[in-house]
Structures are given as C-alpha cells and as structure tokens.
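Remember, predicted model here, so these are calculated numbers, not experimental data. The sequence lines fix the lettering, A, B, ..., with proteins before strands; numbering per chain opens at 1.
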Amino acid sequence: MNTNFIADYNGPVIKVANLSKAYSSVKVLDLPQLDIPRGETFGLVGNNGAGKTTFFRLLLDLIKADSGEIQSYGQNVAKTELWKNYTGSYLDEGFVIDFLTPEEYFDFVAALNGMSKGDVDNFKDRFADIFNGEILGTKKYIRDLSKGNQKKVGIAAAMMSKPAILILDEPFTNLDPSSQIRLKNMLRAELAERDVTMLISSHDLNHVTEVCNRIVVLEKGTIVHDMATNDSTLEILEQYFAG
Amino acid sequence: MIKWLLLIEWKKSLRSSIWQRNVFLNIFLGLFMVYMLLIFLIMGLMLDRMIGEGLEIEGVEVIRVFGGGLLYYIGVDLVWRFFLQKMPEMSARPLLHMPIRKSRMAGFVLLRTLFSPLNLLPLLVVIPFFVSTYSDFPGSAAWPWLIAILSVVVANNFITFMLKRYLADKTWVLLLILALMVLLFFLERTGLISLFTVSRVVFSLLLDYPLISVVFIALPVLFYLLDVKMVVSRLYLEEIDRRKSYQVNAGRMEGLRRFGEIGELLLVELKLMMRNKRTRTVLFMAPLLLLYGFFFYRTPMYQDKTGWLIFAGLFVTGGFLISYGQFLVAWESSYFDTILTKNINFSQYFKAKYLILLIPTVAAWLITIPYVFLGLNILKINTAAFLFNAGFNIYVYMYFAAYNNKRIDLSKGGMMNYQGVGAKQFLVALPVMVLPILIYMPFGLFFGEDTGLLVVGGIGFIGLLLRNLILKQIVAFFVTRKHQIASGFRQN
C-alpha cells in the first residue's frame, strides 16, 4: 500500500481534537486538544485508571470515541485504515497470537508488512541482545514462554517493520533489569537512526524520563502536566505522585 | 478439616461462572438434564418387559439376559464417561502450602467425583429393574447382585479418573474406540466370540454363587486406592501446572504462505485449530457427523420423508461448518486486538474465513458421495443440502460472526463445554437448519421431490455465484460492529 504521503507530510503526526470517552457516564478520557509532532518521544504517565490505555486504544481504533477524533498523519484513524501500514503497537497479551512459536509469529507479521527474508534476518540480529537466546529456536509456543519473554515478542513484533509510529503500553513492566536497559537503549538508537514518533506509557518514572523528550501526566482522563523533559522533570513527577 | 474443604467447594460452585451465563442456556441445559433423567428412568421401568418381549432367549430368565448386556454396558459407560465426565481439576493448588495431608486431599478430590450425574443415570435404570424383577432372583442372590452391580458403577467412576489422567488429549484414543467397536460388532455378528454370551455366563455365576459379589465390591476399593496413590504422587505444583509443550510440525502447511496474505491468515487459523484443546475437539467431532447419515438414512421411519432427510443432509455435509462456524472470529478472541491493529485487510481476512468454511464443506460432500449406495435420492438430497450449506449457510455464519462477542477459552476441551455459548448459537440454527426445510416443503409437496430439492440446491448455487458481492456486504457490516466485538472479547 502507498505510504509515500507520510514522507511529505508536515504538521503534527498525531492530532487529537475534542476527544472524549466515558464508560457508564463516568468520563475516563477528556482531551480537548493534543498535538504530537514528528520525531517526538511522547511519554504518558499516570496512576491506574488515569486513561493511558484508553487513549492508546482510541489511537488504534480499538474502541469508539464518544466525541472528537484522532488524526494520524492527517487521516482520521477511525475512518481509514491507512495507519495500519506505518503503526507498530503493543498494549497487552491480546497483541500476540500465543499458540504460534515466536518465529512463526514474526514471519506472520513480516508477511503482513511485506518484509523480505533478509529483512527478517536483519530484525533478528537487531533484537538478538534483547532476546538473550530465550526467544528464538526454543521450539516453544509463545504461551509457554515466561511473561517477560512474551512481552519481548510483542514489542519486537511491533518494532520489526520499522514503523513511523510506535505505541507501547508499559513496555518495561515484567522485563528483567538487563532487558529493561537493553530495550531503553534500543528505543534510543531507533530515534537516532530514523524518522519515528514514539508514544510510551510507563509506571517507571526513571525509564520514561530517560527515553522521552516530552512527558504528559494524566489524571482521571485529563492532562494535568505537559512538559518537555529536562533535569528537573523527574523531581516534579515524583512530587506530583507523592502528593 | 473436611468441613472446610466442603465449604470452599460449595462457595466455588456458588460463584462459578455457570450462573453468570445466560438464563436461556441454563434453562435449556436444565430441561435437557431432566429429559435425560426421564429417559433413563422410563428405560429402567420398562426394561423388564422390553427384555421379555424383544430379547427373549429360550429357557433363560430375564435377569440372566440382562447380565448378557452388562459387559457392553461397562464398556459404553467407560467411553461416555471418558468424554463427558468432568474430573475436578485440582482445586488443590492454593491448598498445597497448607497443613493438610496429601492423602486426605486426594481422598476429597476423589469422593467429589462421585457426585456426578453420570453416576446417577445407571442407578435410574438398575434400581427400577431390580425392584420389578426382585421375585425372579434365586434364593438370597438379589441383594448381593444389586450391590455387585452398583460396585461396578462406582468402579467405573474411579477407572475413568485414571483413564482421563493418562489418556486425555491422546488423539488415537478415539480411533482405538472406533476400531474396538467395529471389531466387537464383527465378532458378535459372525458368532466367532459373543461378548454377550460371555457376559451372561459371568453374571449368571453371580446369581448362582452370591458370594462372588465380594470380588465385585473389591473393585471400587482397589481402583480408589490406586487413584489416591496416583493423585498423591502428582500433588506438586509442577505436575498441576504442567502444560504439555508439544511442537506440531507445521512443515507441509507452510506451503500456504505462497498465497500471500490469505495464505498467511489460513495458516494461522489452521494452527489455531490444531494447537488448542477446544478447537481440536471440534476437528475430531466434525468427521463423526459424516456418519450421521447411516443412522438417519437407514431408519425406515424417515425413508420417504425427504424434508427430514434434508435435515440429515445438512448435518452430514455441514458438520464442520456448524461446529466451527458457530464461533467464527470468536475463536480468535484472545488475540483479536492483533487482528485489528496489524496490517490486515478485512476483505482478505473474510476471504480466508470463507475458505476455512468452504473447503471442509466441499470435502464433506465428496466424502459422502458413497451414500449413493443407499439410494440415488440420498445423493440428490446430500447435494442439495451441500449447495445450501455452501451457498447460504456459510454466509449466515459469517454474518452472525459479527454478533459473536463472547470470549472463547481455547484451553478447555470442547465436549459438553458451553463456555461462550449464548442464545445466538441457538438462534442461528433457525435459518441454517429450519429454513431449507421450509423452502423445500411447498415445492416438494406440490411439484414433487426433485423440484423441491432443485429449489433448495438452486438457492445455494446462486449464493455461490454471488459470493464476492455477499462477502463485501458481510465485511462492511462486520466493520461497523468491530468495536463491540473487541470490547466483548476483552471481558472475560
């Protein structure tokens, strides 16, 4: 499918307007306006129930907004499916097919994105560090892997086609310390190498401030802080969450 | 101690998800249970007379003839228990770290199995039979006989526990059972070995020498002790949690990848079917429906009732379509978000679904062509039913997929598994099963059988021709419903 239009696109990659979502008349998300420019690493933090996952699900057209819309490269995500060509995402276990082996799943995703065998080999090399020999060639189904390794499969599959937009919900949870650091380095390397916009939510304030250049704090569905990351960000966040 | 364990069990069943499934289904299942109980009770009450009139053997008393069927009964009971009886999954996991003796836990688990309706059904037959023939028993043989028979029932219960542990999930078991059935039928028919006679002689001994019943009483005790031993040796976390990690060699299937996106989707769906318990049950049961025709087509009662035979034809050629199609898309409930967010085109996705349903339906029709030996009209009926399945019913199931928003748990076996079943599954049977017969009726009555079949088949044929148009409509409708479906799947 033709995705050339994103190369020439100017303006915010993600543009949110008047977005709201309520469950049984309790508002879980209310975003009058939010723009995410190209190349930004957008960090979303907030306690449970703040609306992080709801926002990501709306972004991926997994749930219907009560009002408003989200544009991805100028296209309403609920109206067209163009975004599927250039968006990689991993929110939860529902994003992997667990009765496949990791290899089979990667092959499936590769085929959907028209990747060649060379691309797939290349991808496996890139992720060798993170996989740490526990994912590939184990002859196990994904469902028989540990929680952390299942998550690695999901994240890797989201990143494998080098998408222009990458959406990860709490990517560091459940990973062992080494993997957390390796993933962090990997995300940074991606940013340095190519044109990618990332949206990452996390409960780990350290990681998210290290990776992201903008942090948005959600509380009960509304934005309470929106700041560019600098030396004092972590402190501000800690203060906010302590109080 | 036992009191506490019982209390926990009681709460567990009170809070079970059974009560949360819809009322309609519970009523249906309740009626079904009552129906089964009644059937067995009536059988028990009539058995005396039925044997006296139908199976009379010169110079042999009714109770001895009854004994002839007992070995068969034991076999059938084991088979049907093997497939239907739910063994209490080890609810022991949270208790393992507590100060409860393992043998006691095992005993508790085993005693619970006795409270299965499958233990009640044989009693409903045996006890009325016993009462009505009481006076025919020689000397003091009556009560020992009854106790022996009941011991066999209990022994079967404990044997099943063991069989399920060792043989569940083994695919060859079904084939073995089928082969045994054919073999026994053959032996009995040709008179080489009559299990019936063997059984009659064995159980006659029981009547002549009542003391033998001690041997029978020993059976349940023996199997109970063996079971306890087995359970105790397996009361470890890794045994309870163990999931067999069997690697299916997907070798040949990988060839599908050549067909692009549709091939990829088909490949994933085939793996879905082969690697999950619930779908595997469907895969093994569907071929059995091919045999359904033997019962139906050969019953004289239905011989010239073509309307009924269409019903059979729909089952015979649509076994897979019905059993797999009813949960179309819902099979993928655990990873439906993947389908929605990855680069998958819905029209390709539905074309893959179409092929998944169409290919086995065509195969079923081809396999059932030999039914022509039962009469040319059977072939006509099967063909009309096949066309209707392929050109109409497939679309019904695909259309209804947009209403399948209940999550399906793939890891539990499919026999008598009603998880995920809703009123929709019954509702969908109306257009699929009843409509073709309603269509047939007026044409069949006024213009003859062939015309009726031609109309039913013709509708299917037209549907086959219009598939691109219809699929497009189905996809468009599905897309409007995808949010509801996805949100249903996310709720357990």
How close do B:Leu340 and A:Trp83 get, heavy atom to heavy atom, and via which atoms? O-CH2, 4.0 Å

Just how far is it from atom CG of B:Leu267 to atom CD of A:Glu104, taken to the nearest 0.5 Å? 7.0 Å

Is there a side-chain contact between A:Glu81 and B:Phe346 in this structure, where contact means two heavy atoms from C-beta onward sitting under 4.5 Å apart? yes

Quick check on A:Tyr90 against chain B: is it the side chain, the backbone, both or neither that has a heavy atom closer than 4.5 Å? neither

I'd like to know if B:Lys482 and A:Asp61 make a salt bridge, using a cut-off of under 4.0 Å between side-chain N and carboxylate O. yes

Results of side-chain hydrogen bond (donor to acceptor under 3.5 Å, both in side chains) for A:Gln71 - residues two or more places apart only: A:Glu69

Check the pair A:Phe108 / B:Ile344 against side chain to side chain contact (heavy atoms under 4.5 Å, CB included), numbers first and verdict last. CA-CA 11 Å; A:Phe108 175 64; B:Ile344 294 170; 4.2 Å; yes

Minimum heavy-atom separation for B:Lys342 to A:Phe95, with atom names? NZ-O, 4.3 Å

For chain B, which of A:Ile167, A:Leu60, A:Ile97 has the most heavy-atom pairs under 4.5 Å? A:Ile97

What distance do A:Ser89 atom OG and B:Asp337 atom CG have between them, rounded to the nearest 0.5 Å? 9.0 Å

Identify the two heavy atoms, one from B:Arg275 and one from A:Phe99, that lie closest to each other, and give their separation to 0.1 Å. NH1-O, 2.9 Å

Under a 4.5 Å heavy-atom cutoff, which of A:Val109, A:Asp107, A:Asp98, A:Asn113 has the most pairs with chain B? A:Asp107

Chain A shares the most heavy-atom pairs under 4.5 Å, among B:Val268, B:Leu265, B:Val479, B:Thr341, with B:Thr341

Could you pull out the closest heavy-atom pair between A:Ile63 and B:Arg490, with the gap in Å? CG2-NH1, 3.6 Å

Pick from B:Ser334, B:Ala486, B:Ser487, B:Gly263: which one has the most heavy-atom pairs with chain A under 4.5 Å? B:Ser334

Less than 4.5 Å apart, any side-chain heavy atom of B:Phe336 and any of A:Leu62? no

Can you name the nearest heavy-atom pair linking B:Glu261 to A:Leu112, along with the distance? CG-CD2, 3.9 Å

For A:Lys220, look at atom NZ and say whether over 12 heavy atoms of other residues, nucleotides or ligands are found less than 6.0 Å away. no

Considering all heavy atoms of both residues, which atom of A:Arg143 and which atom of B:Asn276 are nearest to each other, and what is their separation? NH1-OD1, 2.8 Å

